[in-house]
Amino acid sequence: MLRIENLHFRIGDFRILDGVSCTVQTGERLGIIGPNGSGKTSLFNCISGFNSTASGRIYLRDTDITDLAPHRRALLGIGRVFQNFGIFRELTLLDNILVALESRERGILLPWSKAHRRNVSQAREALDVVGLAHRATEKARSLSGGQMRLLEISRSVAFGSEIFLLDEPTAGVSPKMKGDVEGILRRLQELKKTVLIIEHDINFIQRL
């Protein structure tokens with residue numbers, strides 16, 4: 001699914017990533033641990049296209065994506081969930097997902113169009129995957145931190161992501177919601193999704 005070969009990334013003269021190589025198989029869960037400043041998020045930024053690498057190559061299903069823009073990588077199946085919540089709090093849960101789905105369309109979708117109805121159906125299905133379908137019409141600001149994380153994961157599911165890059169998914173999440181997040185990550189594996197997780201909670205990452 002994902003292959004990284006001798007990846008180097010630096011800022012000025014400071015080496016952040018120094019020859020990173022790994023292979024992640026389809027449906028695999030890979031935990032990435034290490035102290036702050038060790039380059040974990042930088043690695044995710046290189047994989048998703050937000051950092052330009054100094055050298056090395058990144059392959060997704062044997063396609064070289066090293067020089068592709070982030071949106072091109074997303075269309076190929078890379079879903080990114082950042083450490084800071086990236087949702088529209090004043091929109092409903094359903095609309096948060098529709099924004100992502102409609103970004104793939106050309107032109108404006110009218111509410112009565114077939115494409116819009118299809119997107120609504122996909123959005124509701126994705127919310128159901130994370131157990132939030134019953135709150136589809138509520139504003140995202142009403143969610144807890146853990147539920148916001150689930151909404152972000154749901155958005156990537158709806159968009160069609162095949163590989164998920166999760167940067168500290170339990171940060172700012174209650175102990176109860178950590179269990180819910182863990183359950184959803186196991187659900188992603190049932191759906192044959194590939195998951196890479198940066199996490200400081202060692203107990204959480206060991207259970208996965």
Side-chain angles (χ1 to χ4, degrees), residues 1-10 15-84 86 100 104 126 129-130 149-171 173 178 180-208:
M1 168 63 78
L2 179 70
R3 188 169 82 254
I4 300 171
E5 296 183 350
N6 198 30
L7 199 66
H8 292 256
F9 171 67
R10 62 186 62 197
R15 291 183 293 182
I16 310 295
L17 302 176
D18 190 15
V20 175
S21 297
C22 71
T23 299
V24 186
Q25 304 296 335
T26 300
E28 185 177 355
R29 282 195 304 253
L30 176 66
I32 301 174
I33 60 176
N36 289 333
S38 60
K40 303 183 301 298
T41 297
S42 293
L43 175 61
F44 273 16
N45 285 339
C46 289
I47 295 171
S48 53
F50 293 99
N51 284 345
S52 297
T53 59
S55 62
R57 311 308 296 176
I58 303 171
Y59 298 89
L60 181 66
R61 299 188 201 88
D62 295 323
T63 297
D64 190 340
I65 64 170
T66 311
D67 299 319
L68 294 184
H71 74 278
R72 294 284 304 281
R73 302 186 198 205
L75 289 171
L76 289 174
I78 293 182
R80 179 75 185 272
V81 176
F82 294 87
Q83 183 177 353
N84 296 322
R104 304 180 305 185
V129 168
V130 301
R149 191 70 73 206
L150 295 182
L151 176 58
E152 290 181 305
I153 294 173
S154 174
R155 186 169 54 190
S156 290
V157 169
F159 195 77
S161 299
E162 293 297 326
I163 181 166
F164 289 70
L165 308 179
L166 308 177
D167 196 342
E168 295 193 42
T170 66
V173 172
K178 280 187 179 183
D180 292 342
V181 172
E182 181 180 338
I184 295 305
L185 297 185
R186 295 188 186 280
R187 173 66 174 147
L188 290 179
Q189 189 171 40
E190 293 174 4
L191 296 173
K192 308 301 182 184
K193 305 296 186 181
T194 304
V195 181
L196 280 69
I197 313 166
I198 293 172
E199 186 55 69
H200 285 292
D201 186 333
I202 301 302
N203 291 328
F204 179 86
I205 205 70
Q206 286 181 332
R207 287 196 301 272
L208 289 170

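Between Asp62 and Arg3 there is a salt bridge, since at least one side-chain N of the basic residue sits less than 4.0 Å from a carboxylate O of the acidic one. Electrostatic pairing of Lys178 and Glu182 does not count as a salt bridge here, judged by no charged N lying under 4.0 Å from a carboxylate O.
Glu190 CD to Ile184 CD1: the interatomic distance, rounded to the nearest 0.5 Å, is 9.5 Å. Note: Arg61 CZ to Leu76 CG = 7.5 Å, rounded to the nearest 0.5 Å. Note that CD of Glu162 and OG1 of Thr194 are 7.5 Å apart. Values are rounded to the nearest 0.5 Å. To the nearest 0.5 angstrom, Leu166 atom CG is 8.0 Å from Ser156 atom OG. Here the OG1-CG distance, from Thr53 to Asn45, works out to 12.0 Å after rounding to the nearest 0.5 Å. Atoms CG and CD, from Leu30 and Gln25 in turn, are 11.0 Å apart once rounded to the nearest 0.5 Å.
Side-chain contact between Val130 and Val157 is absent, with no heavy atoms from C-beta onward closer than 4.5 Å. Considering only heavy atoms from C-beta on, Leu191 comes within 4.5 Å of Val129 through its side chain. Inter-residue side-chain proximity for Leu43 and Phe9 is flagged as unmet; no heavy-atom pair is nearer than 4.5 Å. Annotation: side chain of Phe159 is in contact with side chain of Leu75 (closest heavy-atom distance under 4.5 Å). Counting heavy atoms from C-beta outward, Met1 and Val24 have side chains that stay 4.5 Å or more apart. Side-chain contact between Asn36 and His200: present, with at least one pair of heavy atoms (C-beta onward) separated by less than 4.5 Å. Using a 4.5 Å cut-off on side-chain heavy atoms (C-beta onward), Ile163 and Thr26 make no contact. Between Asp18 and Arg10 there is no side-chain heavy-atom pair separated by less than 4.5 Å.
Between Cys46 and Leu7, the closest heavy-atom pair is CB-CD2, 3.9 Å. Of all heavy-atom pairs spanning Arg149 and Glu168, the tightest one is NH2-O, 3.8 Å. Between Ile16 and Ser42, the shortest heavy-atom contact is CG2-OG, 3.4 Å. When all heavy atoms of Ile198 and Pro169 are compared, the closest pair comes out as O-CD, 3.5 Å. Across Ile33 and Glu199, no two heavy atoms sit closer than the pair CG2-O, 3.6 Å. Closest non-hydrogen pair, Ile58 versus Leu2, comes out as CG2-CD1, 4.0 Å.
Using a distance-only test at 3.5 Å, with no hydrogens or angles considered, a donor-acceptor pair links the side chain of Ser21 to the main chain of Asn6. For Gln189 (side chain) and Gly27 (main-chain N/O), a donor-acceptor pair under 3.5 Å exists by modelled atom type. No donor-acceptor pair closer than 3.5 Å links the side chain of Lys40 to the backbone N or O of Ile197. Without hydrogens or angle criteria, Arg73 side chain to Ile47 main chain gives a donor-acceptor distance under 3.5 Å.
In this structure, Arg80 satisfies the cation-pi test against Phe82, with its NZ or CZ atom closer than 6.0 Å to the six-membered ring centre and inside 45 degrees of the ring normal.
The environment of CZ in Arg15 is sparse: at most 12 heavy-atom neighbours from other residues, nucleotides or ligands sit within 6.0 Å. The number of heavy atoms from other shown groups lying within 6.0 Å of CZ (Arg186) is above 12.
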Requested in this report: Before giving the answer on side chain to side chain contact (heavy atoms under 4.5 Å, CB included), spell out for Val173 and Phe204 the whole-Å C-alpha distance, their side-chain angles and the decisive distance to 0.1 Å.
Outcome: CA-CA 12 Å; Val173 172; Phe204 179 86; over 6 Å; no
Requested in this report: Give the C-alpha distance, both sets of side-chain angles, the deciding distance and a yes or no for side chain to side chain contact (heavy atoms under 4.5 Å, CB included) between Ile78 and Ile65.
Outcome: CA-CA 11 Å; Ile78 293 182; Ile65 64 170; 3.6 Å; yes
